[in-house]
Number of protein chains: 2
Amino acid sequence: MTLRAVIDHLLYRWLQVENLCQRERHADHNRQTFDAVLDTCQRIAHDKFAPYNRLIDTQEPRFDGERVVLPAATHEAHRAYVESGMLAAAQTYEMGGMQLPFTVESAANAFFGCASVSMGAHMLTVGNANLLMAHGTPMQQAVFAAHEFNGRWAGTMCLSEPQAGSSLSDIVTRAEPDGPDHEQDPLGPRYRLRGHKMWISNGDHELTENIVHLVLAKIPDSQGQLVPGTRGISLFIVPKFLVDIRGQLQERNDVALAGLNHKCGWRGTVNTLLNFGEGRYPVRGQAGAIGYRVGEVGEGLRCMFHMMNEARIGVGMAATMLGMAGYLASLDYARQRPQGRLPGPGGKDPQSPMVRIIEHADVRRMLLIQKAYAEGALALELYCARLVDECHTGSEPQRQQAQQLLEVLTPIAKSWPSEWCLEANSLAIQVHGGYGYTRDFPVEQYWRDNRLNMIHEGTHGIQAQDLLGRKVRMQGGQVLQALGERLMRTVNQAKNQPGWIEQADALSQSWSELLATTHEAGLQPDMGLPQAVPYLQAFGHTVLAWIWLDVALTADTEGAGDQGRRAACRFFFAHELPKAKTWLASVSLGDRTAVDLPEEAF
Amino acid sequence: MTLRAVIDHLLYRWLQVENLCQRERHADHNRQTFDAVLDTCQRIAHDKFAPYNRLIDTQEPRFDGERVVLPAATHEAHRAYVESGMLAAAQTYEMGGMQLPFTVESAANAFFGCASVSMGAHMLTVGNANLLMAHGTPMQQAVFAAHEFNGRWAGTMCLSEPQAGSSLSDIVTRAEPDGPDHEQDPLGPRYRLRGHKMWISNGDHELTENIVHLVLAKIPDSQGQLVPGTRGISLFIVPKFLVDIRGQLQERNDVALAGLNHKCGWRGTVNTLLNFGEGRYPVRGQAGAIGYRVGEVGEGLRCMFHMMNEARIGVGMAATMLGMAGYLASLDYARQRPQGRLPGPGGKDPQSPMVRIIEHADVRRMLLIQKAYAEGALALELYCARLVDECHTGSEPQRQQAQQLLEVLTPIAKSWPSEWCLEANSLAIQVHGGYGYTRDFPVEQYWRDNRLNMIHEGTHGIQAQDLLGRKVRMQGGQVLQALGERLMRTVNQAKNQPGWIEQADALSQSWSELLATTHEAGLQPDMGLPQAVPYLQAFGHTVLAWIWLDVALTADTEGAGDQGRRAACRFFFAHELPKAKTWLASVSLGDRTAVDLPEEAF
């Protein structure tokens, strides 16, 4: 099994991405051009990213008083990535892109997640520019997005503040109109921003000549008060260096690095606390960071959700590829390392040679779980990417269905790999034994890196609330129904294909139980909240069972790859899907023990 | 809730350790003397260990070419621990001890695990000396054990080799008789050892003037061949510096540091690769480390199990106290940190002040799981310690029953906290959000430190095989039956106490299901192996449900502490025990998917 073989199967046999070439936007493409992109990314990831993954862990970003210092390898990797053209891969020819389907772009980027998840700044840069393509003015697109797609500038998203992490309605960064002519600036309505932003990935660095911050802030009313809640939030472009309409750099904007966060992992990405408008770099003699509004006043969070949804799937993909990296590393180790003997006749003879640990039942179990988690998660992420392509270039009914599926699948695509590919990484350590716990092997770093993914871009709890509190009720339940219909299509196909009837029944049953619990939770809205996470877990396992069954139906050859897919699917149904029932039972109890306990009794 | 309050409840109300004072060995003790020991340890842990827990993580042990350098804080902490007399606490007055019950000694040591799990070297030193008290000659006890108990020397256990980790039968360290008079040495039959030992905690340092290595090695037969398998293994005392019979240091022995292991966590303990007898420090002009045999030839592993069993419970306690440390840290954080608002009428008003996160249902859920895991695990570990006291000072029937319970509970006491208190640590990070992933808060280190515990002293897989392959069949099933009887005693008590009938039934049912699956697995011995770990997990959760119910029956006041205990028990039965059924179903499937999969299909 190689990662490339997994990706090839998912793209070409399962998701049939070649069909996308029949659409006008992708008409110049075919399997050869897709393969060329995959080849290029695989090569750059192998040459410029993977060899330095430990280096970026040990040589953490630091601030030398003037600038953020990253290892030379990070600069070289970034340069190679920019030169590949991948930043603009999915964009139109006019924007300098190659009109690649998003599914293929995602698959190609997966190689970098596997090689070194935290190196470079491309995911947020592309997400930032994509937001501007959706909500920015043509000038904002031509100046800011275009320079992000060509790699001259990088992008960030600035949401959290030290006092407002998950609770964005409590942000207090202020944006005040910058002078009487502020509405006339060609780059957009011009404001002065003042406030502190926390957890900003790539918030300061020298990888690019400029950094485009997308910043949530509140515009005070006529009494100088901030509008409470999220409806007071607007969105602003705040570049590190001001620019003219041709994209030429001008003076430094009033954005200052206030500190670096020192993390448990994910150390290839600098993570910062930024001060906006504190006067360190006054513009025209005055404190306040210059920002250009994107979209309407009070529409900031809605606009930002464009980037957040993309980032959530990006986080899911990152978690997935860490899971995959750990699986591949432990599979390789298990094939090499001799230890112990097999039970049974003659096996325990201490004079017989030791066997490689891949021959031990428990090691095989740990490998197959990892495979089921990581390959299943990759299928889910690429399925979501395929839905994005439907939204971009599908027919209206396709677009509508894809949009519904994306709404309900996004919290799963974000949370499921974050939880289970982390567990996979723990098993990868376990396969290595003591060696896995040392820094001489890569798996402990994968595990540390992966722990971030249940936190950033909306914690597990936030995803669970989004799913149970919002998504399953959205459009009067039509969003949930769309998923049910898609899932039942797989069930029906499986019933007609020998060997999968048992799994088809199990999936159908699990979905019914999920619906029943959803209904119960809907009747008692309060009941769901203490158990939103178990609900999310049950939902995720059911979705993954569906994804695996759907993949397995296309794995019908006698080749080793297809044997492995069928085995992973059967294994998931045998040992993982039954857990969904247990979580649902937890939800159904409506247990208030944790909620009602007096604080002093904890 | 304070750790001390938890320990007080478990010791005095649940385990009734004061009753031990009726036994001759502990006749001088009473609650006041026990409390004094707990006070002392709590104070030293607070003053000398806790403040330096981050320091020892960042200032990893290093070798300067001559010696292993540990932070000054480690030396001070070690000194304070030695001065407390805790190394010999459970020993007789003649050995310089205080004849403290082992249960109280364990509880007192728990404070250090919570403050800084990896600082110092006391656990292995005491375990090493205890082994000598069980299997050494009076002279070996007087020279080696005595100087370990008084803190002048430290101890290690040297089992693994680079090519032989879990598979001890494959060790190749050789021990050859040292001269014709080798049987006459007063310190024990004298040998020359040659070989490499891997993963040796505290293998070299300057905390003490000498280090007593207990080393497994094989004595070649008359043809110079090593006896294959574990029956060829003998045990040797190999001091770093040779000593005379009064314990005076003499020349350096031929034991050399070959390298340090660089770990993901647990960095307060130096972990080493040692070369024995390579000639770096020749003794009497000759290469070969001098070692004194302990016990009979070929009995090495049996003797070593005395220390390994103690170490396994020690690992369980370490994992437990990391879980407890994370729980306390996240509880404290949740009580301070304001974020968001509660759902329901008025709660979502963005103008209302934010609430502290301990008011959020999902945070409460994460706290109560941690409490259920950590306090439950602590109860289990102290219960095992109480069994050790029964073995030492109980009547013959008490001793026999305690021995049986210890056999079957040891793999659980080792594995359950290693898995679930690690999960608790992950939840402690989650409660902290992004802050928990930074090194500014302690929880990410607890999580990293705890990951070792599923590996050292026998991996999870080894514990599972020990349980399913050996312990449940031991003595024709009597060992398992002893646990069943003890557990049913709790069930019957619970049935007579209002409020616990539902839990009593659930536990009784879970135990029946476990027995049924054990029986199935016994009929098809081959079947169990791929699913030994799920079996271990089901067994562990059932044992913990029993422990929690037994504890809850003594938590019958209206005080906050008892309310918390009852809530944790109910929570465990509602949301955790049902998982046992799912794991048992996994086992019962007898699924061979992982075992039969061709290697190339992974």
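Note that the coordinates shown come from a computational prediction; the quantities given were computed from them, not determined experimentally.
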Is chain A contacted by the side chain of B:T230, its backbone, both, or neither, given a heavy-atom distance below 4.5 Å? neither
With a 4.5 angstrom heavy-atom cut-off, could you sort out which part of A:I429 is near chain B: side chain, backbone, both or neither? both
Any chance you could measure A:Q351, atom CD, to B:S169, atom OG, to the nearest 0.5 Å? 11.0 Å
Determine the option with the most heavy-atom pairs under 4.5 angstrom with chain B, choosing from A:R439, A:E444, A:H456. A:R439
Mind checking side chain to side chain contact (heavy atoms under 4.5 Å, CB included) for A:A601 and listing every partner two or more places apart, or none if nothing turns up? A:L597, A:P598, B:A560, B:Q563
On a heavy-atom basis, the closest approach of B:G434 and A:I455 is N-CG2, 3.4 Å
Please identify, among B:D170, B:T438, B:D362, the residue contributing the most non-hydrogen atom pairs under 4.5 Å to chain A. B:D170
Can you tell which part of B:L331 gets under 4.5 Å to a heavy atom of chain A, answering side chain, backbone, both or neither? side chain
Please verify the inter-ring angle class for A:Y435 with B:W199; under 30° counts as parallel, over 60° as perpendicular, anything in between as tilted. perpendicular
Looking at CZ of A:F571 and CG of B:L589, how far apart are the two atoms once the value is rounded to the nearest 0.5 Å? 10.0 Å
Interchain contact, B:A585 with chain A, by part (heavy-atom threshold 4.5 Å): neither
Looking at every non-hydrogen atom in both residues, tell me the closest pair between B:A361 and A:P530 and how far apart they are. CB-CA, 3.7 Å
Among the listed options A:G265, A:A334, A:A464, the residue most often paired with chain B at heavy-atom distances under 4.5 Å: A:G265
Which portion of B:R337 sits near chain A, non-hydrogen atoms under 4.5 angstrom: side chain
Hey, which of A:E359, A:K581, A:R267 has the most heavy atom pairs under 4.5 Å with chain B? A:R267
Assess whether a salt bridge exists between A:R365 and B:D591, defined as any Lys/Arg side-chain N lying under 4.0 Å from an Asp/Glu carboxylate O. no
Under 4.5 Å, counting heavy-atom pairs only, tell me which of B:A574, B:G564, B:P534, B:C264 racks up the most with chain A. B:C264
Min side-chain heavy-atom separation A:R364-B:R592 under 4.5 Å: no
Most heavy-atom pairs under 4.5 Å with chain B, out of A:G229, A:G340, A:P228, A:G436, belong to A:P228
Per-residue contact mode, A:S426 against chain B (heavy atom under 4.5 angstrom): both
Side-chain (B:R448) to main-chain (A:R448) donor-acceptor, under 3.5 angstrom: no
Between A:E600 and B:M1 (side chain of the first, backbone of the second, donor and acceptor by atom type, cut-off under 3.5 Å), is there such a pair? no
Separation between NE2 of B:H360 and CD of A:Q465, rounded to the nearest 0.5 Å: 8.0 Å
Contact part of B:H262 toward chain A, heavy-atom cut-off under 4.5 Å: side chain, backbone, both or neither? both
A side-chain contact here means heavy atoms from C-beta on lying under 4.5 Å apart; do B:S167 and A:R341 qualify? yes
Where is the tightest heavy-atom contact between A:F602 and B:L368, given as atom of each residue plus distance? CE2-N, 3.9 Å
State the CE-NE2 distance between A:M366 and B:H460, to the nearest 0.5 angstrom. 9.5 Å
Is it the case that the side chain of B:Y437 and the backbone of A:N453 share a donor-acceptor pair, with hydrogens and angles ignored and the cut-off at 3.5 Å? no
Name the region of B:P162, side chain, backbone, both or neither, that has any atom closer than 4.5 Å to a heavy atom of chain A. both
Top contributor to chain B interface from A:W583, A:Y327, A:W447 [non-hydrogen pairs under 4.5 Å]: A:W447
Where does B:K263 contact chain A at under 4.5 Å (heavy atoms): side chain, backbone, both or neither? both
My understanding is that only residues two or more places apart in sequence, or in another chain, count here; which of them pass side chain to side chain contact (heavy atoms under 4.5 Å, CB included) with B:V227? B:R231
About how many Å separate CD of B:Q430 and OG1 of A:T459, when rounded to the nearest 0.5 Å? 6.0 Å
Counting heavy atoms not belonging to B:E599, are there more than 12 under 6.0 Å from its CD? yes
Evaluation steps, side chain to side chain contact (heavy atoms under 4.5 Å, CB included), between A:Q531 and B:H575: CA-CA 10 Å; A:Q531 298 301 332; B:H575 304 291; 3.4 Å; yes
Look at A:L452, A:T593, A:V595 and state which one has the largest set of heavy-atom pairs under 4.5 Å with chain B. A:L452
Side-chain contact, heavy-atom cut-off 4.5 Å: B:Q163 with A:P338? no
Chain A contact via B:L168 - side chain, backbone, both or neither, heavy atoms under 4.5 Å: neither
Roughly how far, to the nearest 0.5 Å, is NZ of B:K579 from OG of A:S586? 7.5 Å
